[in-house]
Each structure stands twice: as C-alpha cells, then as structure tokens.
Amino acid sequence: MDSKKHLTQALHWSKEAEVDLAEIISSCIGMAGPVVLFAAMGYLQLGLVASLGSLAVGGVKGGSNLRNLTKEWAFALLPAVLASVLAFLLIDHGWLSDTGVILLAILAAMIGGYSRELIVSTTRFILFLTIAINVFSAAPHAAELLLFILAGAIWRTILSFVLDRFLSWKRRNDASPTETLTPSALQKFKRWKRSLTQLSGWQYTLRLGLCLCAAEGLRWLWPNHHFYWIVLTVAILIERKIDPIPIKTIQRVLGTVIGVIVVSSIFLFTLPVWVVIVIIGLLAALRPLLKVRNYLLYSATMTPLIFLLMGAGQTIEFKVLIDRVMATLIGACLVILVNLLFNRVIPKQA
C-alpha cells in the first residue's frame, strides 16, 4: 500500500461537485438559530438539544410535486423521530438498553438494503439512535429533551425546504425535466430478498453488529471511562462498502480524531455563550461545503459538532479529553479490523 499516495488523495480538495448554497445557509441558521433563541432566554442546554435535532435532519429538497415533497420530508424526519422515541423508551434499563440499541441498529442495517433511500434513512437512524440515548441517559428530564429534539428536526426540515425553493426557483423553472427509470417496489423487494440469501447481503449488518457488541463490551468492562464514544465512533465510521483501508475511511478516521482533539481541547476552558454559538454556526455552515470538497475536513467538522452539542457546551476535564481521544481511536481500530476480516471473507464485495 502506497501510504504517501493515500495521504495525498485524502488531502485532495475537490472542485468538481456543486456546492448547495441553500444547504449551507439552512445548516448554519437551522443549528445556530435554536441556540441563539434559548441562550437569550437563559436555557442554553435546551437550545443545544434542539440544534441536535436539526443536525439529525439533512436538507430537504423541494420536490417537483406534492408526492415528491412528502417523500423528501418523510425520509428526512422519520429516522430522527423514530430514533428519538425509541432512545427515550430504552433509557434506564441497564444492559437491556445497550442490547436494544444493538438489535435496533442491526435491524435497521438489514432493512436499509431494500433501497437507496432506505440506506440513507437507516444510516441516519443508527447514528442518531446512538446519540439520542446517550443524551437522554444523562438528562434528568428526558421527555422534555425529546420534544425539543423533535422540534429542532421539524424546524430544520421546514427551513431547508423554504430556502431551497427560494434560492433555486429560477433554476428549477429553467431546467428541463428529466425522467429516471426507477425499479418498482416488487423489484426492490425481490432484489433485497435475493441479497439476503448471500453472505455479501449480510456483510454490513454483521460488521455493524460485531463492532457495536465490541464497543458496548469495552464500555461495560471500563465503566469509569467515557467509552461511550467508542459506540458513537463506530456508528459514524462504519459504512456499507467493504474496503480494508479505503481513502474515505482514512479521511473519516483522521478527521474524527482531529475533530475530537480540537473541540475537546477548546472546552478545557470556560467559553462565553456567544463563542459557543459562533463555533456552532461556523461548523454547521462549513459541513455542506466540506462534504463535497474534502471528506477529511468534513469529518473533522461534523464529529466535533456532535460532541459539542452532546456536551451541552460544558467545560470538560483533561482526563475526559484523553478518554474521548482513546475511545475514538479504539472505535476506528474496531471498524478497520472488522473491515479487514470481512474483506478476506468476501474479497469481491463491491
């Protein structure tokens, strides 16, 4: 393996993909807005929780008709809503809670193979389930936080739709309609059912399940450490495609580690509320841009944003920083090792 070539590719700044201005604006306003509103009322934590709900929902594109619009809303909102409700129901049940998270993630991973839309939705569900249950477990009034997460998700969905329609109206009217041939529901079901008769159709589900089981096991072995971040790191890094050391994995691992170190180091100190808001707004605005330009920098932006919102902007101790970095590295190693194992078992998996 040419490590220099891999590093060069990981640092490459792409200029091919188009940057969605509506998504940049909606990401910034959608996440910073709730924090500004609630911080002004003296409830910074509630604003961060609402912003977390906004993070869970990607930009909703304006469909050409009501049917397409409803579909966009459903695939954006339902995973966040369902994950939040299930996470709320799972809290405070000890090892049963962790088992429930693993089983739900495995079920979602299996269902996701039905279609491309469900791949995106179930991936979002798995990530947000691991985030939400950690937030609820540490909160004295979980039901209240559930409502604010859902409100933040709905707020971001509406904002994304309005901005996309407003900024892209002329382009949409000028563009000639294009027809794409999509498989029917029956064809999707038959393809999905056929994939489940082969090991390759289960590889993502098995890899995710193994990594989550190992992550939860390590957390139970060392309960005095903040090793829940191993679970979250696995949820962030695991992908459906098997590659031993793909460029995207290098980018995600390096970006995640860098992001955790940077944001945790910042919060070793007590910051004014306005600084927290600026950091959230800046990171949120950069995410859509960096996602199409450089995935390493995108990972270095998204991960600290998640950790920042989950930590409610509170000052952390140095030992917590060390725990987070160690947990991130352990989670990354778990994903890479399981990928290497399955790459040998299924060498031709695409």
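No experiment lies behind these values; they were computed from the predicted model shown. Along the sequence shown, residues carry numbers from 1.
Considering CG of Leu55 and CG of Leu48, their distance stands at 11.5 Å, rounded to 0.5 Å. From Ile133, atom CD1 reaches atom CG of Asp98 across 7.0 Å, with rounding to the nearest 0.5 Å. Summarising the geometry, atom CG belonging to Leu309 is positioned 10.0 Å from atom CD1 belonging to Ile149; distances are rounded to the nearest 0.5 Å. Atom CZ of Phe88 is separated from atom CG of Leu150 by 11.0 Å, given to the nearest 0.5 angstrom. Note that CD1 of Ile25 and CG of Leu159 are 9.5 Å apart. Values are rounded to the nearest 0.5 Å. Here the SG atom belonging to Cys211 is positioned 4.0 Å from the CD1 atom belonging to Ile238, to the nearest 0.5 angstrom.
Looking at every heavy atom in both residues, Arg207 comes nearest to Asn339 through NH1-OD1, 2.7 Å. Across all non-hydrogen atoms, the minimal contact from Tyr114 to Ala185 is OH-O, 3.2 Å. In terms of heavy-atom proximity, Leu129 sits nearest to Leu104 at CD2-CB, 3.9 Å. The minimum heavy-atom distance between Pro34 and Ala50, with the atom names listed, is CB-CB, 3.8 Å. Here the shortest heavy-atom pairing between Ser84 and Phe136 reads O-CE1, 3.2 Å. Phe342 approaches Leu210 most closely through the heavy-atom pair CE1-CD1, 3.7 Å.
Taking Val278 as the reference, Trp274 meet the side chain to side chain contact (heavy atoms under 4.5 Å, CB included) condition, with sequence neighbours excluded. Not counting sequence neighbours, the partners of Ile111 by the side chain to side chain contact (heavy atoms under 4.5 Å, CB included) test are Leu107, Leu118.
When the side chains of ILVMFWY residues are joined at heavy-atom separations under 4.5 Å, either directly or via intervening members, Ile106 and Ile119 end up in two distinct hydrophobic clusters. By the rule that hydrophobic residues join a cluster once side-chain heavy atoms approach within less than 4.5 Å of another member, Met41 and Val36 end up as members of one cluster. Leu147 and Leu44 fall into different hydrophobic clusters, defined by Ile, Leu, Val, Met, Phe, Trp and Tyr side-chain heavy atoms under 4.5 Å apart, directly or through other members. Note: the hydrophobic cluster containing Phe125 does not contain Leu103 (ILVMFWY, side chain heavy atoms under 4.5 Å, direct or indirect links). Tracing side-chain contacts under 4.5 Å through hydrophobic residues (I, L, V, M, F, W, Y), one reaches Ile131 starting from Leu89; they form part of the same cluster.
In this structure, the side chain of Ser54 engages the main chain of Gly30 through a donor-acceptor pair within 3.5 Å. In this structure a side-chain-to-backbone donor-acceptor pair under 3.5 Å is missing from Gln198 to Ser195. Using modelled atom types, one side-chain atom of Ser97 and one backbone atom of Leu90 make a donor-acceptor pair closer than 3.5 Å. Remark: side-chain polar atoms of Arg240 are paired, donor with acceptor, to backbone N or O of Ala109 under 3.5 angstrom. In this structure a side-chain-to-backbone donor-acceptor pair under 3.5 Å is missing from Ser137 to Asn134. Side chain of Thr233 to main chain of Gly331: no donor-acceptor pair is present (N/O by atom type, distance under 3.5 Å, no hydrogens or angles). Not one N or O on the side chain of Arg191 forms a donor-acceptor pair closer than 3.5 Å with the backbone of Leu186. No donor-acceptor distance shorter than 3.5 angstrom exists from the side chain of Arg156 to the backbone of Met31, with no hydrogens or angles considered. Ser121 contributes no side-chain N or O that, together with a main-chain N or O of Pro79, makes up a donor-acceptor pair within less than 3.5 Å. Listed for the Trp192 side chain is no donor-acceptor partner under 3.5 Å among the backbone atoms of Ser115.
Taking the side chain as every heavy atom from C-beta outward, Arg219 and Glu216 approach each other to under 4.5 Å. Side-chain contact check for Phe38 versus Gln45: every heavy-atom pair is 4.5 Å or farther apart. For the pair Met326/Ile230, no side-chain contact is recorded, criterion being any heavy-atom separation below 4.5 Å from C-beta on. Within the 4.5 Å cutoff, no side-chain heavy atoms of Val292 are placed close to those of Tyr298. Side-chain atoms of Glu23 and Ser26, non-hydrogen and from C-beta on, do get closer than 4.5 Å to each other. Annotation: side chain of Val273 is not in contact with side chain of Val35 (no heavy-atom distance under 4.5 Å). Under the 4.5 Å side-chain criterion, counting only non-hydrogen atoms from C-beta, Met110 is in contact with Leu196.
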(message) Please determine whether side-chain contact (heavy atoms from CB on, under 4.5 Å) holds for the pair Ser299 and Leu254, giving the CA-CA distance in whole Å, both sets of side-chain angles, and the decisive distance to 0.1 Å.
(response) CA-CA 8 Å; Ser299 298; Leu254 288 178; over 6 Å; no

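Environment of NZ in Lys188: crowded, with over 12 heavy atoms of neighbouring residues, nucleotides or ligands closer than 6.0 Å.
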